[in-house]
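We use all heavy atoms of the structure for the numbers below, so side chains are in, but hydrogens, waters and symmetry mates are not. Convention: sequence-line order gives letters A, B, ...; per-chain numbering from 1.
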Protein chains: 2
Amino acid sequence: MSKESDIRNAIWQLAFQFKVSSKKAIRQYGLPLNGMHVRILHMIGATPACTAHRIVQASGRDKAQITRLLKELEGMSLIQRAPNPDDKRSQIVSLSGKGEALMARAREAEQDVVTRLLKGMKKDEIDTFVGLAGRMLDNLREE
Amino acid sequence: MSKESDIRNAIWQLAFQFKVSSKKAIRQYGLPLNGMHVRILHMIGATPACTAHRIVQASGRDKAQITRLLKELEGMSLIQRAPNPDDKRSQIVSLSGKGEALMARAREAEQDVVTRLLKGMKKDEIDTFVGLAGRMLDNLREE
DNA sequence: GTATTTGGTGGACAATATCAACCATATTTC
DNA sequence: GAAATATGGTTGATATTGTCCACCAAATAC
């Protein structure tokens, strides 16, 4: 198989299996969340004064998709919105107590997957991988 | 940011951007294919005596999904089916002339993306990346 | 032979992604 | 300051991708 299809395959397969494993782990923990929910909650938890726009930029997803996911999360009482003092068009979203609690468990579940993923990998190998992935990502983005 | 979210992010973002870029390239070439179509056509082209089951195994996707994609591809006259002499339940799928022609162009489009992806990367870095990704994939699969 | 497994199909539906129109506020331009 | 434009966000509509389940027919195991 050519080098091109190797790298293509590596990216697609790894991402797909990782998604499947993560989803399964989250479900085994009995958490009522799907993949995108978890990812967005992560970002909200990690970003101070997080707005929808910030999530759009960080995730690269369509803003309509983000709007809907946020609405769902709010409907599940996992996040709350507060007016943004800097811009009346937008709101600042943050995790609710329930959201924090759920994410604590989600982190455990995901940690299991990452641990499995990285089994037998040395620290510098992981760094190398993340570094190379970052460079590829930059290559695709700058355009 | 922690090492765990680094690797998670690296995988998700890289795969997402790669998918977006590939899709855009395919569309710019004016090809009436979406991501899964291209991936399956690749496999069919590369696999001698390719059956649906083989695609299911190689792709890791649900067999119902594969059935439908194959039906669509057959509807577009990009593939053809022939009886499998080894097993009357299954059929051997192969690219039609039209399918071959389309894939020749799709390969060009994807080649552009891979070239961009790998810009500035040394050959051994690419090998390292593919190797590490393969090990991670094995970790997730063996379970 | 019957029982079980396997390759494949179809229905139903959930999750994810895309595109365009639109509203309210912010920002720029003059 | 008013008009024009840009930005953050929402909604509708629709496409793509993924999942689960029941089922059929042929293959394999017993």
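Residue B:Thr67 has no polar side-chain atom (N or O) positioned under 4.0 Å from OP1 or OP2 of C:dG8. Applying the 4.0 Å criterion to OP1 and OP2 of D:dT16, one finds that A:Gln65 has every side-chain N and O outside that range. A close approach under 4.0 Å does occur between a side-chain nitrogen or oxygen of B:Asn34 and OP1 or OP2 of D:dT17. For A:Arg81 and D:dT10, the shortest distance from a side-chain N or O to OP1 or OP2 is below 4.0 Å. Neither OP1 nor OP2 of C:dT18 sits under 4.0 Å from any side-chain N or O of B:Arg27.
Between B:Phe129 and A:Phe129, the ring planes lie parallel to each other; the angle is under 30°, not in the 30° to 60° tilted range.
Among the nucleotides C:dA17, D:dG18, D:dC20, the one closest to any side-chain atom of B:Asp62 is D:dC20. Nearest nucleotide to the B:Ala64 side chain, out of D:dG18, C:dG10, C:dG7: C:dG10.
Contacts with DNA chain C (heavy atom under 4.0 Å) in residues 68-79 of chain B: B:Arg68, B:Lys71, listed by number.
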Dump the pairs, protein N or O against N or O of nucleotides 3-6 of chain C, anything under 3.5 Å, distances to one decimal.
{"residue": "C:dT6", "atom": "O2", "partner": "B:Arg89", "partner atom": "NH1", "Å": "2.1"}

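As a whole-Å value, the separation of B:Gln91 CD from C:dG8 P is 8 Å. The separation between A:Ile66 atom CD1 and D:dT7 atom C1' is 17 Å, rounded to whole Å. Here the C1' atom of nucleotide C:dT9 and the CZ atom of B:Arg61 are 20 Å apart, to the nearest Å. In this structure, the CZ atom of B:Arg39 is 14 Å from the C1' atom of D:dG18, given to the nearest Å. Straight-line distance from the NZ atom of A:Lys19 to the C1' atom of D:dT19: 11 Å, rounded to whole Å.
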Quiz: residues 95-103 of chain B side-chain donor-acceptor pairs under 3.5 angstrom, not counting sequence neighbours:
{"residue": "B:Ser96", "atom": "OG", "partner": "B:Ser77", "partner atom": "O", "Å": "2.7"}
{"residue": "B:Ser96", "atom": "OG", "partner": "B:Leu78", "partner atom": "O", "Å": "3.1"}
{"residue": "B:Ser96", "atom": "OG", "partner": "B:Lys98", "partner atom": "N", "Å": "3.4"}
{"residue": "B:Ser96", "atom": "OG", "partner": "B:Gly99", "partner atom": "N", "Å": "2.9"}
{"residue": "B:Lys98", "atom": "NZ", "partner": "B:Met76", "partner atom": "O", "Å": "3.1"}

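In this structure a side-chain-to-backbone donor-acceptor pair under 3.5 Å is missing from B:Asn84 to B:Ser90. With B:Gln13 contributing its side chain and A:Ala58 its backbone, the two residues share a donor-acceptor pair below 3.5 Å.
Where A:Lys63 and B:Phe16 meet DNA chain C, the nucleotide closest to each residue was compared, and B:Phe16 sits on the side nearer the 5' end.
Residue A:Ile92 shares its hydrophobic cluster (ILVMFWY side chains chained together at separations under 4.5 Å) with no other residue.
End-to-end axis angle of the helix from C:dG1-D:dC30 to C:dC30-D:dG1, from C1' rotation axes over five pairs per end: 40° (rounded to 10 degrees).
Scanning both residues, A:Ile7 and B:Ile126, for their nearest heavy atoms gives CD1-CG2, 4.1 Å.
The closest side-chain donor-acceptor pair between A:Gln111 and A:Thr115 falls under 3.5 angstrom.
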Problem set entry | Trace of the side-chain contact (heavy atoms from CB on, under 4.5 Å) decision for A:Val93 with A:Thr51 | CA-CA 6 Å; A:Val93 295; A:Thr51 64; over 6 Å; no
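Taking the ring axis of B:Phe18 as reference, the NZ or CZ atom of A:Arg8 does not stay both within 45° of it and closer than 6.0 Å to the ring centre.
By the side chain to side chain contact (heavy atoms under 4.5 Å, CB included) test, A:Gln91 is found to be paired with A:Arg81, residues two or more places apart in sequence or in another chain being considered.
Using a 4.5 Å cut-off between side-chain heavy atoms of Ile, Leu, Val, Met, Phe, Trp and Tyr, with links allowed through other members, B:Val20 and B:Leu14 fall into different hydrophobic clusters.
Taking 4.0 Å as the cut-off between side-chain N and carboxylate O, B:Asp87 and B:Arg89 count as a salt-bridged pair.
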